[in-house]
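Chain letters run A, B, ... following the sequence lines, proteins first and then strands; every chain starts at 1.
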Amino acid sequence: MVNDFPLWPERASTMAGQVDALFIALCIITGTVSVLVWSVIFFFAIKYRRSPENELAQDYEPPAILEVGWIVVPTIIFIGIFLWGAWLFFQEQRVPANALDIYVTGRQWMWKFEHPGGQREINTLHVPVGRAVRLTMASEDVIHSLFFPVFRVKADVLPNRYRTMWFQATKTGRFHIFCAEYCGTNHSGMIGWVEVMDDPSYQRWMAGGAESSMSSQGEDLFQKFACNTCHTNNASGRGPVLAGLFGKQVVLNDGRTVIADENYIRESILNPQAKIVQGYGPIMPTFQGQVNEEDLLKLLVYVRSLAAHPALTPANEPRSSGPARVAPQNPKGTQ
Amino acid sequence: MGQQHEASTLGMWMFLATEILFFGGILAAYTIYRLLYYGAFRDGAHHQNWRIGAANTAVLIGSSLTMALAVWAAQTSRRNITVIMLILTLLLGGVFLGVKAYEYSQHVHEGLFPGTLFTYVDEENPGYTKGVELFMMFYFTMTGLHALHMVIGAGLLIWMIFRARRGDFGPEYYSPVEVMGLYWHFVDIVWIFLFPLLYLLH
Amino acid sequence: MTSQTYHDVRLMEPVATRNYLNVDYGIFSWLLTRDHKRIGILYLISVTAMFFVGGTFAFLMRLELLTPQGDLVTSDTYNKLFTLHGIVMIFFFLIPSIPATLGNFLLPIMLGAKDLAFPKINLLSWYIYIVGAIFGIYVIVTGGVDTGWTFYTPFSTQYSNTHVFAVTLGAFITGFSSILTGLNFIVTTHRMRAPGLTWFRLPLFVWSMYATSVVMLLATPVLAITLFLLMVERVLGVGIFDPALGGDPLLYQHMFWFYSHPAVYIMILPSMAVISECVAAFTRKKIFGYKFVAFSSLAIAFLGFLVWAHHMFVAGISVYAALIFSFLTMLVAVPSAIKVFNWTATMYKASVSWQTPMLYVMGFIGLFTIGGVTGLFLGAIGIDVHVTDTYFVVAHFHYIMVGGAVMAYLAGIHYWWPKITGRMYPEWWGRVAALLVFAGFNLTFFPQFILGYVGMPRRYHAYAPEFQVLNVMSTAGATVLAVGYVLPMIYLSWSLVWGRKAGPNPWGAVGLEWATSSPPPKDNFLETPVVTWEAYDYPAFLKAMEKTQNV
Amino acid sequence: MADSHEYSDHAPTHHVTSLPVYFGIFAALMILTIITVAISRVDLGSLNTPIALSIAVVKATLVILFFMHVIHSTRLTWVVIISSLMWLALLFVLTFADFFTRDWQLY
Ligand code: HEA
Ligand code: HEA
Ligand code: CUA
Ligand SMILES: [Cu+2]
């Protein structure tokens, strides 16, 4: 798989071809203009080189209309580049609806991946070919950046905040994972491999390994941390009902509304006082320092899975759960 | 001399332009956190004694007046008044800094100094504690930088007093006093914004 | 066109018996000088020394990158190497380079003034620079710092156990030296122009320096406060920028780049200043589209403030902010393009000399164009997502900063060397060095574009084996480049003693600096010049000169 | 505004502000200080901040125009002040453009 003198990275995702297309187009456009500029310079420098006959420059100025030309034309080209790049960026940001969820935790200096089925891996990531994969990522310490050169995507992984990124592999094989944001001593060792597998091998891989799914582990934690003492299944509990929460609008006691996304759930657990739900008191204790990053993800998956439960979820409201935050399709399910 | 005069006031204004961005930078950070930690910042402002703040504001405005009068006196060749006004400015500045020091000691005492000395817990809203610490961080940094500017200003004032006594200034040559004044007024303006932001908005 | 004024100061043979170098002697006559020319030389020496310090780090890095395993130095050492390389090159070399050396030396002369508006402050700025540099050197000697030159939080505030505090304090202090330089330049340009020297008669050098100064004044304080907050956070352990404590690391990045993007224009605008002067002098023509070039400097200075978050496209800013910044990034490229095209057009029907400075100029235009257009690649968000934090970015900025700014610095040093020292440099050696620099440069940095697109991340101590070939090429190039940089050091020093004596105007160039003796007298001119001609009025000037003395 | 020519060699008008102006401005500043303190004692909800800041802006303007003599200064001084404020606005606006659109959905 690994070519030992590559001049071009492999194209292994649906985005790769599009990024390459823009890149090549830019090479051609800017290459042409640059070569033109150099040729003209050289041509002038030789043709009008100083010599006894050409001691003094000629008293001639090119027409000023040229200025307009080389202001307007590059501007148009540049704006074209912007539009193309922006369009590409939107593709890179918009997660397809049926994406497979994988959870990523970065820390000095390793990548931990966790599948909804509960499989955990370090520095290696198994994904199926031909299926969109959405990564939900957070860091335990400093900023890292998860980079898949062959998929042409990367995103910084921040502490105390979830970020998402997606790709859809188009080619089976074993490809590099790099950490692209400087993160300390062993930054260059924070690397790994992504194994893109065809469907049968992926199913086989998924079947092995895990004891229980992430959301059922999350459910256990929900009990262990005694969340269920307050968050019961009916509105008479001390805390709000969490079923159907994810992706919905929440009204706070100061009148603001927020969308219950990954970061909101995270904040609700770590810093519950920051946003108080309307109608409730600020009684929820903070779990900062008690839940680690991975447990937090499990709780998140669990809370999310409550939303996915068809019986509890009213029809998806398009405004409050935009394409970027579609409720997950949980392959293993909670039950 | 005119050209030199103009050059030095212009130079001072350029310097003040950089100061605007210097304090503006921290103001931007403050604004963002104020919006993100709205409640906590409100609680934080409760720990400020607005009476002391208001009194200090008056002191500083007073010192701006005496500074302006010093420039006026220099322009109109009133040497003794120049010296007196400069000394008054220095004194008022000293009062301000003294009061500030008192406030600081109070805050440290209450465990409000950010970092390891921070022992305060927000009783009403324990979740705000971190935000209050952030607020106090901004409080100490902003007022600290402001006080540092005052200290530098006080140093310059002493030098001006010395020169004024020597009789350096008159209607033809007063730009050092004028430039000094610009600086001092600017420091005053910074406080005019810090006072409501740190003491009053709760 | 002005008529040939024969009492034109440009044509008089200046006969200063004493120049700024020999008016007085002794170390204190230098260390306490208020002469902008001597301060320029003080800067020249210190800044060039810093360049070689930074270059040595670069060379060690390149040696380390010869093999994929990372076996020459430990990863911690490597991290310190690139951090110190970046910090030294940016804060202690490139930002002060042209403005504080050539700018200091030339700006008052070009304005026909005796000195800058505030000579004492000018000297103060050098001392501030030195104090900052001492912090830098202290850090280098006592164990270094490993945060990258960008000091990203929370790594720099909570995780790094190196000398972050000292080095940020050094950068903080140095910032004030550039603020003071900028302030001095602006006031001088406004208030001390010679009689008759209207804004549109100013050399483009002055316009560019003016634009640079505006950026220095308005951007640097934000860096100062940012670094200040960083130091507070590191000392007190309070989370302004640390998410674990409630802060937002992206705020740090915003504030850092609010300075550091405009700072890249602090680096390139003075280079453009030099290039404009050299193009005019070595083609003997008025720069085509004078006003466009002049205003494009101001446009760069302004637009440069609006694009900073293009360094943060994948850092977690909002999608919409990313779009705005990408769009503005495209706009800031337009004025740079204007300059490139105008320089090119100036060469039409010119009299192009192939002397050393012109070789560097051609190198500059070529390499700056590559660096600039790859900036457009980075500004197109969809591509940046792939290439950010890879060697593609490293190649982009070295093309601009080494291929562009350093080449311009060398062009300027060669062009004004006779004015500064009164001696000519050896032309043949000059051309050899220029070619070596050009060849070595491309060999060093072109492979890095490919490396980056293939996916090699930057700041990597060890890398995947398939990247080795390109890295070896790059290291080979760096060796050639090192030779190319050491050569001028040698022959320029040589020329101080043995170089041919230069007359007041060895190039036959217009410009007030060529109307005074080489080296200039202490007060620059024997009498205040009165300017009656337009900038770069080559046709009239050369004809007049021919009549009086036969060129 | 004292008129100013860029390259005038004559000395700029040395304008001397009269004492009543200084004292008047001082009184105005004191009164404004009292007003803002007084208003801050009453809760005006979301108006608190805008009012307090507007008063601060007015006070600062008074100081700049009269104590700092900008009202009699050259146009260049005005340019310096206004552009530095404008640059500060750029810092605010573009930074906020990120912070306050982070929660926006993709169209
Ligand atoms: C002197 C320094 C300098 C200069 C002048 C520039 C100029 C530009 N830079 Fe660069 N840049 C840096 C130094 C510089 N940069 C550094 C140091 C970094 C990395 C920092 C770090 O992370 O450590 C960086 C990083 C950087 C990034 C972030 C990359 C990333 O980290 O992901 C981006 C993204 O937009 C960018 C863009 C640009 C653009 C669009 C210009 C434009 O101004 C360029 C304009 C010029 C031209 C376009 C060429 C001339 C034009 C023509 C000849 C016209 C013909 C062309 C056509 C019609 C197509 N730069
Ligand atoms: C003005 C700015 C400037 C300049 C001139 C240079 C010059 C050079 N740079 Fe630098 N570089 C930066 C600014 C600059 N760089 C910045 C800002 C970074 C980012 C840092 C970061 O990530 O934080 C960077 C990063 C950077 C990297 C990436 C490191 C990484 O990400 O892992 C590399 C790798 O090749 C590199 C190489 C070089 C080389 C070979 C030169 C050559 O041009 C230097 C040639 C000069 C010499 C070699 C010295 C002269 C010769 C002698 C003194 C002879 C005696 C000594 C020996 C031969 C040992 N630089
Ligand atoms: Cu993690 Cu670099
Ligand atoms: Cu930039």
Side-chain angles (χ1 to χ4, degrees), chain A residues 2-7 9 19 22-23 26 30 34 37-38 40-41 44-45 48-50 54-62 67 70-71 74-75 78-79 81-82 85-86 88-89 92-93 142-143 145 147 149 152-156 158-160 163 176 178 180-182 184-188, chain C residues 75-76 148 152 154-155 159 243-244 249 283-285 288-289 292 314-316 319 323 326-327 330 333-334 337-338 340-341 344-345 347-354 362 365-366 369-370 373 376-377 380-383 385-386 389 450 454-455 457 459-462 464 466 469 538-539 542 551:
Chain A
V2 176
N3 165 355
D4 48 341
F5 181 31
L7 294 175
V19 174
L22 175 53
F23 187 80
L26 281 181
T30 60
S34 309
V37 171
W38 304 328
V40 172
I41 287 179
F44 288 169
Y48 304 114
R49 68 187 173 280
R50 193 166 298 169
N54 186 24
E55 195 60 60
L56 304 185
Q58 298 168 45
D59 194 355
Y60 168 84
E61 269 201 27
E67 298 283 357
W70 62 53
I71 293 172
T75 308
F78 295 165
I79 290 177
I81 297 175
F82 158 73
L88 204 58
F89 184 57
E92 282 163 354
Q93 294 297 309
V142 299
I143 304 177
S145 185
F147 178 28
R152 310 284 190 278
V153 289
K154 76 159 76 65
D156 282 10
L158 301 171
N160 205 24
R163 301 215 46 215
H176 281 297
F178 292 126
E181 182 64 59
Y182 175 66
T185 306
N186 208 11
H187 161 61
S188 64
Chain C
S75 54
D76 272 326
Y152 271 17
F155 182 74
Y159 290 86
T283 59
R284 297 199 160 154
K285 273 191 85 105
F288 178 60
F292 286 90
V314 304
V319 174
L323 289 182
S326 170
F327 178 73
M330 295 301 155
V334 175
I338 295 177
V340 169
F341 291 129
T344 310
M347 293 170 72
Y348 184 58
K349 298 207 173 173
S351 160
V352 183
S353 144
W354 285 67
M362 292 196 260
I365 300 180
T369 302
I370 299 186
V373 297
L376 295 173
F377 287 49
I381 328 179
I383 289 188
V385 169
H386 174 54
D389 279 321
I450 304 169
V454 177
R459 298 171 171 177
Y460 260 33
H461 159 249
E466 67 263 31
V469 180
Y538 275 94
L542 291 170
V551 182

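Looking only at side-chain heavy atoms (C-beta outward), A/I81 and C/F377 stay at 4.5 Å or farther from each other. Contact check for C/H461 versus A/H187: no side-chain heavy atoms found under the 4.5 Å cut-off. The side-chain heavy atoms of A/E67 and C/F288, taken from C-beta on, include a pair separated by under 4.5 Å. Taking the side chain as every heavy atom from C-beta outward, C/I450 and A/P6 never approach each other to under 4.5 Å.
Heavy atoms only, all atoms of each residue included: C/A315 and A/R163 are closest at C-NH1, 3.5 Å. Of all heavy-atom pairs spanning A/R152 and C/V385, the tightest one is O-CG1, 4.1 Å. Taking every heavy atom of both residues into account, C/I381 and A/E92 meet most closely at O-OE1, 4.5 Å. When all heavy atoms of A/A45 and C/W354 are compared, the pair lying nearest together is O-NE1, 3.0 Å. In this structure, A/Y182 and C/G148 approach most closely via the heavy-atom pair CE2-N, 4.2 Å. Counting all heavy atoms, side chain and backbone alike, A/P149 lies closest to C/G455 at CB-CA, 4.0 Å.
Only the side chain of A/W38 comes within contact range of chain C, with at least one heavy atom under 4.5 Å from a heavy atom of that chain. If you measure heavy-atom distances from C/Y159 to chain A, the contacts under 4.5 Å come from the side chain alone. Both the backbone and the side chain of C/M347 come within less than 4.5 Å of a heavy atom in chain A. Using a 4.5 Å cut-off between heavy atoms, C/T283 contacts chain A through its backbone alone, with no side-chain atom that close. With a 4.5 Å cut-off on non-hydrogen atoms, A/R49 touches chain C through its backbone and its side chain both. Within the 4.5 angstrom heavy-atom criterion, no atom of C/Y538 approaches chain A.
Comparing C/P249, C/G366, C/A337, C/A345 by heavy-atom pairs within less than 4.5 Å of chain A, the highest count is held by C/G366. Taking C/P154, C/A380, C/P243 one by one and counting their heavy-atom pairs under 4.5 Å with chain A, the maximum is reached by C/P243. Interface summary for chain A: among C/V340, C/T369, C/L376, the most heavy-atom pairs under 4.5 angstrom belong to C/L376. Counting heavy-atom pairs closer than 4.5 Å to chain C, the top-ranked of the candidates A/A86, A/P62, A/P74 is A/P62. Comparing C/L323, C/T344, C/V352 by how many heavy-atom pairs each has under 4.5 Å with chain A, the most go to C/V352.
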Pair A/F147-C/H386, side chain to side chain contact (heavy atoms under 4.5 Å, CB included): steps then yes or no = CA-CA 8 Å; A/F147 178 28; C/H386 174 54; 3.6 Å; yes
After noting the C-alpha distance and the side-chain angles of A/V37 and C/F341, does the key distance pass the side chain to side chain contact (heavy atoms under 4.5 Å, CB included) rule?
-> CA-CA 8 Å; A/V37 171; C/F341 291 129; 3.8 Å; yes
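The aromatic rings of A/F44 and C/Y348 lie tilted to each other, with the angle between the two planes from 30° to 60°.
Between A/E61 and C/K285 there is no salt bridge, since no side-chain N of the basic residue sits under 4.0 Å from a carboxylate O of the acidic one.
With values rounded to the nearest 0.5 angstrom, C/M330 atom CE is found 10.0 Å from A/I79 atom CD1.
In summary, the side chains of A/N186 and C/S75 do not present any donor paired with an acceptor at a separation below 3.5 Å, with no hydrogens or angles considered.
Counting only distance, with no hydrogens or angles, the side chain of C/S351 and the backbone of A/E55 share a donor-acceptor pair below 3.5 Å.
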